[in-house]
Amino acid sequence: MTNTISSSFHLAIIDMLILVVRIQPSDGSEISINMSKTGLLHVPKDLPLQTTVLDISQNSISALQTADVQSLSNLRILIISHNRIRYLDFSVFKYNQELEYLDVSHNELWKISCHPSVNFKHLDLSFNAFDALPICKQFGNMSQLKFLGLSASQLQKSSVQPIAHLNISKVLLVLGDHYGEKEEPDVLRDFNTESLHIVFPSKKEFSFLLDVAASPAASLELSNINCVLHDNESSFFLNVLSKLRKNPRLSNFTLHNIETTWKSFLRILQLVWPSTIEYFSISNVNVQGPLDFIDFNYSNTSIKALSINQFSSSTLSLSQGSIYKILSNMNIQNFTVSGTRMIHMLCPLQISPFLHLDFSNNLLTDTIFQNCGTLTGLKTFNLQRNQLKDLTNLIHMTTKMKSLQQLDASQNSLRNDENEVDCSWTGSLLNLNLSSNALTDSVFRCLPPKVKVLDLHNNRITAIPKDVTHLEALQELNVALNSLADLPGCGPFSSLSLLIIEHNAVSHPSARFFQSCQKITSIKAGSNPFHCTCELREFIKSMGQLSSEVAEGWPDSYKCAYPEGYKGTLLKDFHVSQLSCNIALLMVTIGATVLLVAASMTCLCVYLDVPWYLRMVCQWTQARHRARNIPLVELQRNLQFHAFISYSGHDSAWVKSELVPNLEKEDIQICLHERDFVPGKSIVENIINCIEKSYKSIFVLSPNFVQSEWCHYELYFAHHNLFHEGSNNLILILLEPIPQYSIPNSYHKLKTLMARRTYLEWPKEKTKHGLFWANLRAVINVKLMEQTKDIDHTQD
Ligand SMILES: *[C@@H]1O[C@H](CO)[C@@H](O)[C@H](O)[C@H]1NC(C)=O
Ligand SMILES: *[C@@H]1O[C@H](CO)[C@@H](O)[C@H](O)[C@H]1NC(C)=O
Ligand SMILES: *[C@@H]1O[C@H](CO)[C@@H](O)[C@H](O)[C@H]1NC(C)=O
Ligand SMILES: *[C@@H]1O[C@H](CO)[C@@H](O)[C@H](O)[C@H]1NC(C)=O
Ligand SMILES: *[C@@H]1O[C@H](CO)[C@@H](O)[C@H](O)[C@H]1NC(C)=O
Ligand SMILES: *[C@@H]1O[C@H](CO)[C@@H](O)[C@H](O)[C@H]1NC(C)=O
Ligand SMILES: *[C@@H]1O[C@H](CO)[C@@H](O)[C@H](O)[C@H]1NC(C)=O
Ligand SMILES: *[C@@H]1O[C@H](CO)[C@@H](O)[C@H](O)[C@H]1NC(C)=O
Ligand SMILES: *[C@@H]1O[C@H](CO)[C@@H](O)[C@H](O)[C@H]1NC(C)=O
């Protein structure tokens, strides 16, 4: 119980969803609601008031009331077919002035009540349970009525009277299971219609007297004919047919659902043949019984087209030859035999009037029409969905068909012979459909020379060979669903305007295609496994330039399949720079960049003296490093000064105005021999003392320095100290460049030091001074303060 409740609750929710989903206003004012097959028990309330089309077919609705539809004043089309309505009062539609299409077919209606306001164009009351014809007097005022569907078990002339004056395009008359008890044979005379379709009770032997020939209709359709038992010449149905000849207006005659014998079937054909009928169509036929040889009289026919669809025979062994003989010699233009188990067809004995043959969907084999010289007028031939296997036989079949323009051999199992030599297609073929077969590349070596439209989709083509037949007339080529790896060039197909090559293996389509195929007006190349690499750019560019009518499916069905990173990306969105694709361009660019960098380096060197900066920075870092690595023990010595400065008297101006102030500003203590001299000691002693009490010795080098004897001593001592202590305490400042030659040979120490270039250069440019001082301070900067105190104590 709870289950039912919950499931109906679910259903209700689903209904609501469906309602929401199916509201589709087309062109603004139209609101169409489709609630077909949604399990409705009643007409749904709360429908949008503007609803114009309402489909509530295939539900379980049992009644229709005014309240259900009165608010839908715009309702034009109402479909309530396949429900359970038993009674219908047309007054429920009195407020639906726009309603012109009402379908209440396939309900359980047995009674209707009429109302004058109704005015339909389409009214379908067929397949209901009426006993008498449901025709009200008021129907007579429906001057617009185009279609009327009725059902009844009794046909009375009097009930048709109200509509006898109307010109209805089509009347559908469904006869109930009890029809036939009281017949009025000429009742059809008063159905003033162009087209009449009568559905006889199914599963009931045809034993009616109804005179179908009495109808004024030009087109007559009869369904459910069962004439198995009465199969002699005076059977009821044949009797009915024999009267058809008397109706000169009848031009279209259709029979659906026939159960009969071979004998009756051929009698039906023979009876129809000399009538005024032009279009004769038989569908869904089942014949039984033996087939005897009969002579068919083809004379005096008006038939233009005969169509036999869905034909089955429960008799297996029968002399098929005689039926093939009858069919193949028919003197008509259009002949269709489709959906039968027909395995063969004979070549007509005389030049045949056949223009259009449709033998699709049978079991025909390659032997059909071999060496047949009588189908010279045949223009179109459809052999779709048969059992054809060998393309060579198909080619031979066409050889003598001098007028054949259109051949459809799609959906067979055709294979082509790789070494086909005898290429004897008829020259007249313009449209060839060989799709859905098992053809390979070499099919292109033998094709009808004038073919304009060639459909080879869904075959096994991997490439279009070099030596293809030149098809100058070919305009449309469909090679979708094959295994082609590239787009074809239009060399051999100079008129090609439409190419379909979807679903192949095209990974690197060459843009060459667009150059060789100038006449292309439509290309469909989507759904291929495109490799999104540099090579694809030209193709993408070319596709992007085409208009949307030409590039069908672009951009949505063109996606990258490779590389992984781009998989699924639309080709349109695949961008790769010009640069990374063009090797030459890449080399040029790299070259240019290198040149540019070199040039700017040169510039920097020349104008900004970058090497000087680099050297300074390098020395600075080394100094910091060394300073950090010097163990404190090292400084436990008698150090009192950070630095001793040795310079030539000629450079004293720079030393006193630049060097000393700049160092002392940073709490660096300097030992200047003339300032910090200990009296009573010789100059040499003082210098040595000064050097020994200093952490570093700074030498201000200049051509003047080289000239000074004292300086030479000072350097000697300092250097001596340097080598003996193993510490790098010598700082050389090159105040002015010293030409190597100007250094006397005896100053070999200085020479080696200079050669090692371990000096700081005093820059001429003011902007560089900051870095110079920072560098110098870094070299000297060591915390001396505490030690100096200690040293002072020891000295005291
Ligand atoms: C409603 O939908 C069904 C399929 O669910 C379809 O067959 C029918 O044609 C639709 N009716 C209308 C009016 O479009
Ligand atoms: C048909 O319409 C006419 C006028 O339009 C009216 O006089 C007549 O009564 C109507 N007939 C029926 C049966 O409703
Ligand atoms: C039906 O057609 C006939 C002839 O074509 C014409 O005279 C008659 O007026 C038409 N009747 C109606 C109701 O349109
Ligand atoms: C008869 O059938 C042909 C072909 O189907 C069609 O073109 C023609 O309109 C039909 N004629 C009538 C009166 O229905
Ligand atoms: C044809 O069949 C009907 C019913 O089966 C029978 O009454 C009638 O005598 C038969 N006529 C001939 C000529 O065999
Ligand atoms: C064929 O039928 C025509 C009339 O439709 C008739 O004139 C002719 O004699 C018949 N031929 C044969 C051989 O029965
Ligand atoms: C049948 O056709 C022939 C000519 O083929 C003609 O002489 C004869 O009158 C026609 N018979 C009928 C019944 O139409
Ligand atoms: C015959 O068939 C062809 C091709 O299907 C069609 O174009 C033509 O209209 C048909 N002719 C007649 C008279 O039905
Ligand atoms: C070829 O036949 C197939 C059906 O087998 C059809 O879908 C296709 O449209 C036909 N091609 C042409 C060009 O008519």
Side-chain angles (χ1 to χ4, degrees), residues 64 80-81 85-93 100-202 204 206-224 236 240 243 247 249:
L64 189 64
I80 337 175
S81 58
I85 299 174
R86 292 173 56 80
Y87 168 71
L88 179 65
D89 184 347
F90 280 99
S91 69
V92 302
F93 303 118
E100 58 182 31
Y101 186 110
L102 177 66
D103 183 354
V104 263
S105 64
H106 297 274
N107 275 275
E108 295 164 11
L109 286 174
W110 62 278
K111 191 165 181 260
I112 56 169
S113 299
C114 294
H115 190 270
S117 68
V118 294
N119 194 2
F120 301 110
K121 284 182 181 161
H122 181 109
L123 174 61
D124 197 346
L125 299 167
S126 62
F127 296 99
N128 275 291
F130 297 110
D131 187 41
L133 279 171
I135 298 175
C136 315
K137 286 198 193 71
Q138 286 86 347
F139 285 10
N141 274 4
M142 298 199 286
S143 52
Q144 307 282 303
L145 197 61
K146 290 281 169 276
F147 175 89
L148 179 61
L150 299 166
S151 55
S153 288
Q154 287 185 49
L155 302 184
Q156 285 162 323
K157 279 188 74 142
S158 56
S159 34
V160 190
Q161 279 313 312
I163 55 165
H165 65 283
L166 295 177
N167 296 340
I168 309 173
S169 301
K170 177 158 186 176
V171 170
L172 168 62
L173 184 55
V174 180
L175 302 179
D177 287 342
H178 302 295
Y179 175 76
E181 284 153 19
K182 273 189 279 169
E183 284 200 87
E184 292 184 22
D186 60 346
V187 66
L188 299 179
R189 197 183 306 276
D190 291 327
F191 283 102
N192 188 8
T193 178
E194 189 69 12
S195 170
L196 177 63
H197 182 181
I198 304 172
V199 179
F200 288 96
S202 53
K204 194 171 178 189
F206 192 96
S207 51
F208 313 113
L209 301 169
L210 191 67
D211 183 6
V212 292
S215 162
S219 172
L220 188 61
E221 233 174 304
L222 305 178
S223 296
N224 301 344
F236 288 97
V240 164
K243 291 185 190 160
N247 179 355
R249 288 184 57 190

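Note that the numbering runs from 1 along the sequence shown for the chain. Just so it is clear, the values below take in all heavy atoms, side chains as well, and ignore hydrogens, waters and symmetry mates.
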Colleague: Give me the atom names and distance for the closest heavy-atom approach of Asn128 to Leu109.
Modeller: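 Shortest heavy-atom separation between Asn128 and Leu109 comes out as OD1-N, 3.0 Å.
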Colleague: Check the pair Asn192 / His165 against side-chain contact (heavy atoms from CB on, under 4.5 Å), numbers first and verdict last.
Modeller: CA-CA 7 Å; Asn192 188 8; His165 65 283; over 6 Å; no
Colleague: How long is the gap from CD on Glu221 to NZ on Lys170, to the nearest 0.5 Å?
Modeller: 4.5 Å
Colleague: Search all heavy atoms of Lys243 against all heavy atoms of Ala213 and return the closest pair with its distance.
Modeller: O-CB, 3.3 Å
Colleague: Would you call the rings of His122 and Phe147 parallel, tilted or perpendicular, taking 30° and 60° as the class edges?
Modeller: parallel
Colleague: Rounded to the nearest 0.5 Å, what separation is found between the CG atom of Leu150 and the CG atom of Leu172?
Modeller: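 Rounded to the nearest 0.5 Å, the CG-CG separation comes out at 7.5 Å.
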Colleague: How long is the straight-line distance from CG of Leu166 back to CG of Asn141, given to the nearest 0.5 Å?
Modeller: 8.5 Å
Colleague: One pair to check against side-chain contact (heavy atoms from CB on, under 4.5 Å): Asp124 and Tyr101. What are the steps and the verdict?
Modeller: CA-CA 8 Å; Asp124 197 346; Tyr101 186 110; over 6 Å; no
Colleague: Can you tell me how far apart CD (Glu184) and CG (Asp211) are? Round to the nearest 0.5 Å.
Modeller: 13.0 Å
Colleague: Taking all heavy atoms of Glu183 and all of Leu210, pick out the closest pair and write down the distance.
Modeller: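 Residues Glu183 and Leu210, closest heavy atoms: OE1-N, 3.3 Å.
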Colleague: To the nearest 0.5 Å, what is the distance between CD on Glu194 and NZ on Lys146?
Modeller: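 The NZ atom of Lys146 is 11.0 Å from CD of Glu194, to the nearest 0.5 Å.
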Colleague: Please identify which of these residues, Thr193, Leu173, Val160, Leu220, meets the side chain to side chain contact (heavy atoms under 4.5 Å, CB included) condition with Leu188.
Modeller: Leu173
Colleague: What are the two closest non-hydrogen atoms of Asn247 and Ala217, and how far apart are they?
Modeller: ND2-O, 4.0 Å
Colleague: Taking all heavy atoms of Ser151 and all of Phe130, pick out the closest pair and write down the distance.
Modeller: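 Where Ser151 meets Phe130 most closely, the heavy atoms are O-CB, 3.3 Å.
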Colleague: Please give me the minimum heavy-atom distance between Ser153 and Asp177, naming the atom from each residue.
Modeller: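 Looking at all heavy atoms of both residues, the shortest contact is OG-N, 4.2 Å.
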Colleague: The test is side-chain contact (heavy atoms from CB on, under 4.5 Å); show your working for Trp110 and Arg86 and say whether it passes.
Modeller: CA-CA 6 Å; Trp110 62 278; Arg86 292 173 56 80; 3.8 Å; yes
Colleague: Determine, stepwise, if the pair Asp186 / Lys157 fulfils side-chain contact (heavy atoms from CB on, under 4.5 Å).
Modeller: CA-CA 8 Å; Asp186 60 346; Lys157 279 188 74 142; 3.5 Å; yes
Colleague: Between Phe208 and Phe200, what is the ring plane arrangement, given parallel below 30°, perpendicular above 60°, and tilted in between?
Modeller: parallel
Colleague: Could you check if a side-chain atom of Arg249 sits within less than 4.5 angstrom of a side-chain atom of Pro216, using non-hydrogen atoms only?
Modeller: yes
Colleague: In Å, rounded to the nearest 0.5 Å, how long is the span from CG of Leu125 to OG of Ser81?
Modeller: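 It is 12.0 Å, given to the nearest 0.5 Å.
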Colleague: Does NE2 in His178 sit with more than 12 non-hydrogen atoms of other residues, nucleotides or ligands closer than 6.0 Å?
Modeller: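 12 or below, so no.
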Colleague: Decide yes or no for Leu133 and Leu155: does some side-chain heavy atom of the first lie under 4.5 Å from some side-chain heavy atom of the second?
Modeller: yes
